[in-house]
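Every value quoted in this text rests on a predicted model; they were computed, and no experiment measured them. Protein chains get the first letters and strands the later ones, always in sequence-line order, with residue 1 at the start of each.
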Amino acid sequence: MAKPEDGIQLDEEQRRRRRSRSLALGLVLAGLGLLFYVVTLAKLGPGVIIRQL
Amino acid sequence: MSLVSDIQNRDGSFAQTAAVPGLSAGDARDFWQLLKPRVMSLVIFTALVGMLLAPEGMNPVLGFASLLAIAVGAGASGALNMWWDADIDAVMSRTAKRPIPAGRVAPGEALAFGLVLSVGSVLFLGIVANWFAAAFLAFTIFFYVVVYSMWLKRWTAQNIVIGGAAGAFPPMVGYAAATGSVSIESFVLFGLIFLWTPPHFWALALVKSADYERAGVPMLPVVAGESATRLQILLYTLVLAPFAVLPVFMGFGGLAYLVVSVVTGGIMIRDAVGVYRIREGAEANRAAMRLFGFSILYLFLLFAVLLAELLLPLPGAGTVLRVMGL
C-alpha cells in the first residue's frame, strides 16, 4: 500500500501556476540555447570551418 | 503551519490560497506582465529605427539578438519599477491589478527577476554587439529605475520630463549597437520621444489626478494645478510638432515622413489646444483622453514611416529638399 505523501501538498491552482512557470522557463532556455548557437555562427562567420589541421 | 493569503486574479476576482514558503504564487503571464510588454514593444520599434539608421548596417542575426537584449533590458527595468512602486500601484485604479499589488508575485521575486534580466541583457548586448551599447543600456536601466522611479517620481512635478529620457534612449542604444557610437540623427530621435513624453503623460494625469494625489505622486496637475498643466501641454506640443519635422532637414526623413509629420503634428496641436480651451466637465476629460490616445498613434506613425523609408525605396530627403529648393 502506498504511503500518504509527507510535506506540503499543493492545490490544483498552485500546480497549474507552477506548470505554467516551468513550461515558460523551459521554452526560454531552449530559445536561449538556439540564440547562442546562431549568434556564435554569425559572430564567427564562415571562418569557423577554415582552420589549420 | 499553513498561512492563507488573498490574491487577486487578472480578471479582478479574489482567491484564497495557502501560502507555501519559497513557492511563487504567479504564473508565466504574471512574470510577462512584470516586463510591461506594451512599453517593451515601443522600445523594440524605436530601437529598430535607430539601428537601421546606422550607415554600415548590421548582421541581421546580431541585429535581432541586439534588439532582443534591448527589449529584455527595458522589460527588466519595468519589473524593477513595479517592485519599487508596488505601494503606489496598489492605490491607483489603473495599476491595482498588477502582479505585485494583487499578491500574485512577491516583491522579492520581482526584484530578483528584474536584476537577473538586467545583468543578463546588458552582458548579452555587450557580447553580441559592443560594450558601448551595453553600457548605454545599463545606464538606461539605471536611469529609469534609480533616477526616475526611486528619486524623481515621488519628489518633483518634473518627474516625467526628466525621467522621460529613459524612454527616449532606445533609438540611441539601437544605433550604438550597430555602430559603437551615437550620432546627431539618433539624438534627434531621442529628442522626439523626450519632447513627446510630457504632453502624453500629463494628458493622462489630468484625468487621473485624483489617483495620483491619493498615491502621493507629485504629478503636475496635483502640484501646480490643472490650468498650469494645460498650458505646459500646449507649450510642449508647440515645440514637439516642428521638432518632429527635423529628420527631413537632416536628411533621414523623406517625402512620406514630411507629409505624415506635418499632418499628425497639426492634429497634435489641435488636440492640445482643445485640452487648453476645454476645462470643465466630462468634455474636458474627453479632450485630454483624445490627446493621450492620439499621442500614441502620433509617435507610432512617425517611427513607422521612418522605418518604411529606411526599408523601402521611397522618395528620400534629397528629393524633398530639392523640391523645397533647399
Non-hydrogen atoms of chain A under 4.5 Å away: do they reach the side chain of B:I127, the backbone, both or neither?
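When you check distances to chain A, only backbone atoms of B:I127 fall under 4.5 Å.
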Would A:R16 and B:D27 pass as an ion pair if we require N to O under 4.0 Å?
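Yes, charged N to carboxylate O under 4.0 Å.
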Tell me, for A:R18 versus chain B, whether the close heavy atoms (under 4.5 Å) come from the side chain, the backbone, both or neither.
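Just its side chain gets close to chain B.
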Using heavy-atom distances under 4.5 Å, tell me whether A:L25 contacts chain B through its side chain, its backbone, both, or neither.
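For A:L25, no heavy atom lies under 4.5 Å from chain B.
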Are the side chains of B:F64 and A:V38 in touch, meaning some heavy atoms are under 4.5 Å apart?
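In short, these two side chains do not touch, never coming nearer than 4.5 Å.
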Is any side-chain heavy atom of B:S24 closer than 4.5 Å to a side-chain heavy atom of A:R21?
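Side chain of B:S24 against side chain of A:R21, heavy atoms only: contact under 4.5 Å found.
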Looking at every non-hydrogen atom in both residues, tell me the closest pair between A:S20 and B:A28 and how far apart they are.
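Reported closest heavy-atom pair: OG-N, 2.8 Å.
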